[in-house]
J.: 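Structure incoming, see below.
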Amino acid sequence: VKGTGTADLLKVYDDTNVVFNIADGGNATFGGGVAINGATLSGSQKLSVDNGEARFNRGNSVGMIADFRGLNANQMSIHTNGFEVSPVAKFKGGVTLEQTSPYLHLKSAVNDTGMIRFTETSYQGGYIKYDGSGNNFVIGVHHVEDSNTSNDIDAVYFDRATGNATFSG
């Protein structure tokens, strides 16, 4: 297929619905339930990738933009309302959440444990966790250079019901 002018290069229809389109300039769009590497886009859901930017849209409105271009190498940012606003998250050697009132919600099953580790090597370092079975928020350390959780030392417990702190050791 060789295109001239500004018309679309190729359109594939299902009845009157365009399910695949290669527009002038080479941008391709999919719709109508076309499978792409195991992911299915259907109805008004859209995915487009252009110059290191992946847009996940519903209809013509922007749902989320994953920008892999970044001003620095190996950086990705996520925008939820186009580039006219600051990104809600940035990833480059870490995660930065940028909002007026940012929050990170780690949710586990009932009576289970959610944890964040701060490490130098393997598990050596410290951690914070919520112990769902004991209803305690815990701050702890891991002093040896391994990944064996039996070497975790829970240092401070905060009771969920009262907020009282208990120090071990």
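FYI, side chains are in, hydrogens and waters are out, and symmetry mates aren't considered; it's all heavy atoms of this structure.
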J.: Does the side chain of Asn136 reach to within under 4.5 Å of the side chain of Tyr130, using non-hydrogen atoms?
T.: no

J.: What residues, two or more places apart in sequence or in another chain, satisfy side chain to side chain contact (heavy atoms under 4.5 Å, CB included) together with Phe158?
T.: Phe137, Ile139, Val156, Ala165

J.: Should side-chain heavy atoms under 4.5 Å link Ile, Leu, Val, Met, Phe, Trp and Tyr, which residues sit in the same cluster as Val141?
T.: Ile153

J.: Determine whether a donor-acceptor pair (N or O, by modelled atom type, separation under 3.5 Å) exists between the side chain of Gln124 and the backbone of Val144.
T.: no

J.: Which residues pass the side-chain hydrogen bond (donor to acceptor under 3.5 Å, both in side chains) test with Asn148, sequence neighbours left out?
T.: Ser150

J.: Sequence neighbours left out, what passes side-chain hydrogen bond (donor to acceptor under 3.5 Å, both in side chains) with Ser133? Give chain and number order.
T.: Asp131

J.: Closest heavy-atom contact between Phe118 and Tyr127?
T.: CD1-CA, 4.3 Å

J.: Among pairs that include at least one residue of residues 155-169, which meet salt bridge (charged side-chain N to carboxylate O under 4.0 Å, His left out), considering only residues two or more places apart or in two chains?
T.: none

J.: So, for Tyr123 and Ser147, which heavy atoms are closest and what is the spacing to 0.1 Å?
T.: CE2-O, 3.5 Å

J.: Which residues satisfy the side-chain hydrogen bond (donor to acceptor under 3.5 Å, both in side chains) test with Glu145, sequence neighbours excluded?
T.: none

J.: Got a sec, which residues hit salt bridge (charged side-chain N to carboxylate O under 4.0 Å, His left out) with Asp154, two or more places apart in sequence or on another chain?
T.: Lys129

J.: Could you pull out all residues at least two apart from Asp152 that satisfy side-chain hydrogen bond (donor to acceptor under 3.5 Å, both in side chains)?
T.: Arg117, His142

